[in-house]
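Each remark here refers to the structure printed beneath this line.
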Amino acid sequence: MIRVVVQGVAGRMGSLMGRLVLQEDDMALVGATERPEHSAVGKDVGEVLGVGKVGIEVEEDIREAAREGDVVVAFTTPQATLEAAEVCGELGKAMVVGTTGFTDGQLEEFKRSVSRVPCVFSPNFSVGVNLLFKVAQEVVEVLKEGYDVEIIEAHHRFKKDAPSGTAKRLAEAVLRGLGRELRVVHGREGVVGERGEEIGIHAVRAGDIVGEHIVMFGGMGERLELVHRASSREAFARGAVRAIRFVVKAGPGLYDMWDVLGFR
Ligand code: NAP
């Protein structure tokens with residue numbers, strides 16, 4: 001039985017992770033934390049998750065909660081994740097981390113803290129998106145020259161950054177497949193002239209779109225498109241569940257979803 005501790009269990013991703021872990025036959029939710037002073041602290045985690053009592057209290061101290069587990073899952077804030085990483089490094093606990101938005105300094109500190117434990121760290125745990133990175137690279141390796149690559153991403157109106165991190169990673173995958181550098185153009189306006197040697201990235205923002213990515217390969221007489229659509233956050237949580245199974249068997253080191261999915 002894999003003993004899982006979820007940090008930030010009342011959050012959007014944390015609560016999904018908590019519910020999924022409770023459903024998995026080979027996993028037990030043995031600990032959960034929330035921000036000090038959060039209304040969930042002291043409550044039964046099952047009640048916080050809306051599934052009825054499970055006999056585990058939401059704690060505010062990640063050190064206490066982590067002692068009980070084999071792996072700590074963090075989809076929280078960079079600061080909270082750094083605290084968890086320090087504790088896991090000290091106690092020798094594995095980690096699955098999906099938190100984004102680290103500064104370069106925080107990222108260095110995070111990597112130092114988890115250097116002696118197994119840790120899967122990924123900005124996108126969706127299996128489909130990680131497969132898209134791989135397939136996009138392979139498509140370019142086959143098509144080689146003569147196809148124009150355009151990446152179109154669409155997200156909800158509340159998203160603060162553009163283009164998405166996933167769109168940037170897709171451009172990197174395309175460049176890796178080509179084996180050479182190309183200019184990346186963000187949108188086009190005015191008399192831009194004929195298309196040059198470039199990759200175009202376009203960001204759509206509308207309504208409640210969870211996340212869509214299209215990689216378009218435009219050739220003479222044909223067009224190939226790879227499309228990924230996320231319809232809920234469950235795709236990220238289900239990928240993180242696969243990462244939990246991977247990380248408890250892995251040796252110390254930093255891994256990502258490509259390792260989990262066996263792409264390396
Ligand atoms: P969220 O709903 O705000 O959840 C974060 C939770 O962590 C909140 O409940 C927050 O409490 C709690 N928290 C803050 N400080 C804490 C502390 N010291 N100890 C314990 N809990 C603490 O955010 P979300 O949408 O779930 O996203 C969380 C992170 O995951 C973000 O960085 C997001 O970008 C990332 N994310 C990654 C993926 C992926 O696939 N890698 C997918 C989705 C999201 P308060 O609300 O009270 O502060």
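Keep in mind that what you see is a predicted model, and the values were worked out from it rather than measured. Remember, it's 1-based here, ligands and their atoms both numbered in the order they're listed.
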Between ligand 1 and the protein, give all atom pairs where both partners are nitrogen or oxygen and the distance is under 3.5 Å, as lines of names plus distance to 0.1 Å.
| unit_1 | atom_1 | unit_2 | atom_2 | d |
| --- | --- | --- | --- | --- |
| ligand 1 | 2 (O) | R12 | N | 2.8 |
| ligand 1 | 2 (O) | R12 | NE | 3.3 |
| ligand 1 | 9 (O) | G11 | N | 3.3 |
| ligand 1 | 9 (O) | E34 | OE2 | 2.7 |
| ligand 1 | 11 (O) | E34 | OE1 | 3.1 |
| ligand 1 | 21 (N) | R35 | N | 3.3 |
| ligand 1 | 25 (O) | R12 | NE | 3.0 |
| ligand 1 | 25 (O) | R233 | NH1 | 2.9 |
| ligand 1 | 26 (O) | R12 | N | 3.4 |
| ligand 1 | 26 (O) | M13 | N | 2.8 |
| ligand 1 | 32 (O) | T100 | N | 3.0 |
| ligand 1 | 32 (O) | T100 | OG1 | 3.3 |
| ligand 1 | 34 (O) | T100 | OG1 | 2.7 |
| ligand 1 | 40 (O) | F125 | N | 2.8 |
| ligand 1 | 41 (N) | G98 | O | 3.1 |
| ligand 1 | 41 (N) | S122 | O | 2.9 |
| ligand 1 | 41 (N) | P123 | O | 3.0 |
| ligand 1 | 47 (O) | R35 | NE | 2.6 |
| ligand 1 | 47 (O) | R35 | NH2 | 2.7 |
| ligand 1 | 48 (O) | R35 | NE | 3.2 |

Got a sec, which residues hit side chain to side chain contact (heavy atoms under 4.5 Å, CB included) with A237, two or more places apart in sequence or on another chain? M13, L16, M17, L20
Between the main-chain N or O of G31 and the side-chain N or O of E68, is there a donor-acceptor pair closer than 3.5 Å? no
Measure up the F246 and Y255 rings against each other and bin them: parallel (under 30°), tilted (30 to 60°), perpendicular (over 60°). perpendicular
Check: R233 side chain, F236 main-chain N or O, donor-acceptor pair, under 3.5 Å: no
Look at the side chain of R169 and the backbone N and O of F133, then say whether any donor-acceptor pair between them is shorter than 3.5 Å. no
Is a donor from one side chain sitting under 3.5 angstrom from an acceptor on the other, for S164 and H155? no
